[in-house]
Amino acid sequence: SFNTAFRAGGVMGYSLCGLGLLVLYAVCVAYNSVFNFDAEDLDSRRALFECVAGFGLGGSSIALFGRVGGGIYTKAADVGADLAGKVVSGIPEDDPRNPATIADNVGDNVGD
């Protein structure tokens, strides 16, 4: 099962990088068709790189908010696991009989 997960992760990583490069190429072509950048002009190349840097900044912002959002969902799973285990079933927090122990441990790593 590790080999399958490792290969699937590799395929997903290559797919993500490939799609990112494809979109970056499409952005460069679209900006070049709209603004008519000249390959020999230094100011024109600088303007194109500023557009590409803005594209990268947007991608970084989306990744940051995705991470924060994932943390919020993880904390919600942690609280749900605590309520289901301790309050409803009356078993300790990290008891193996609690099916939500994994979600609880992941939520604890995010921070209690």
Side-chain angles (χ1 to χ4, degrees):
S1 64
F2 174 77
N3 288 334
T4 303
F6 191 76
R7 288 180 184 145
V11 168
M12 190 64 199
Y14 282 122
S15 300
L16 183 67
C17 290
L19 284 174
L21 288 174
L22 182 68
V23 170
L24 182 63
Y25 175 75
V27 165
C28 288
V29 168
Y31 284 159
N32 193 22
S33 67
V34 172
F35 297 113
N36 293 326
F37 293 120
D38 184 19
E40 300 299 323
D41 185 22
L42 184 63
D43 291 332
S44 181
R45 277 191 261 171
R46 185 174 294 134
L48 178 62
F49 283 121
E50 286 177 1
C51 293
V52 171
F55 174 75
L57 181 65
S60 298
S61 299
I62 290 171
L64 174 72
F65 290 129
R67 182 176 173 92
V68 171
I72 291 169
Y73 289 123
T74 304
K75 285 305 293 176
D78 176 32
V79 170
D82 286 340
L83 287 176
K86 288 188 233 176
V87 177
V88 176
S89 299
I91 56 179
E93 182 176 354
D94 291 329
D95 195 319
R97 295 176 292 159
N98 186 357
T101 301
I102 295 174
D104 183 40
N105 290 333
V106 171
D108 289 340
N109 286 332
V110 173
D112 250 343

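Everything numeric here is computed off the predicted structure, so don't read it as measured data. The figures that follow rest on heavy atoms only: side chains count, while hydrogens, waters and symmetry mates do not.
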- Out of curiosity, does F49 fall in the hydrophobic cluster containing F35 (side-chain heavy atoms, cut-off under 4.5 Å, transitive links)? no
- Query: R46 versus L42: any side-chain heavy-atom pair under 4.5 Å?
  - Reply: yes
- Task: State, yes or no, whether a side-chain contact exists between L48 and S44 at a heavy-atom distance under 4.5 Å.
- Result: no
- S33 and N36: which non-hydrogen atoms are nearest, and at how many Å? O-OD1, 3.6 Å
- Check the hydrophobic clustering (I, L, V, M, F, W, Y; side-chain heavy atoms under 4.5 Å; chains of links allowed) and say if Y31 and V34 are grouped together. yes
- If you take all heavy atoms of E40 and R45, which pair is closest and at what distance? O-NH2, 3.7 Å
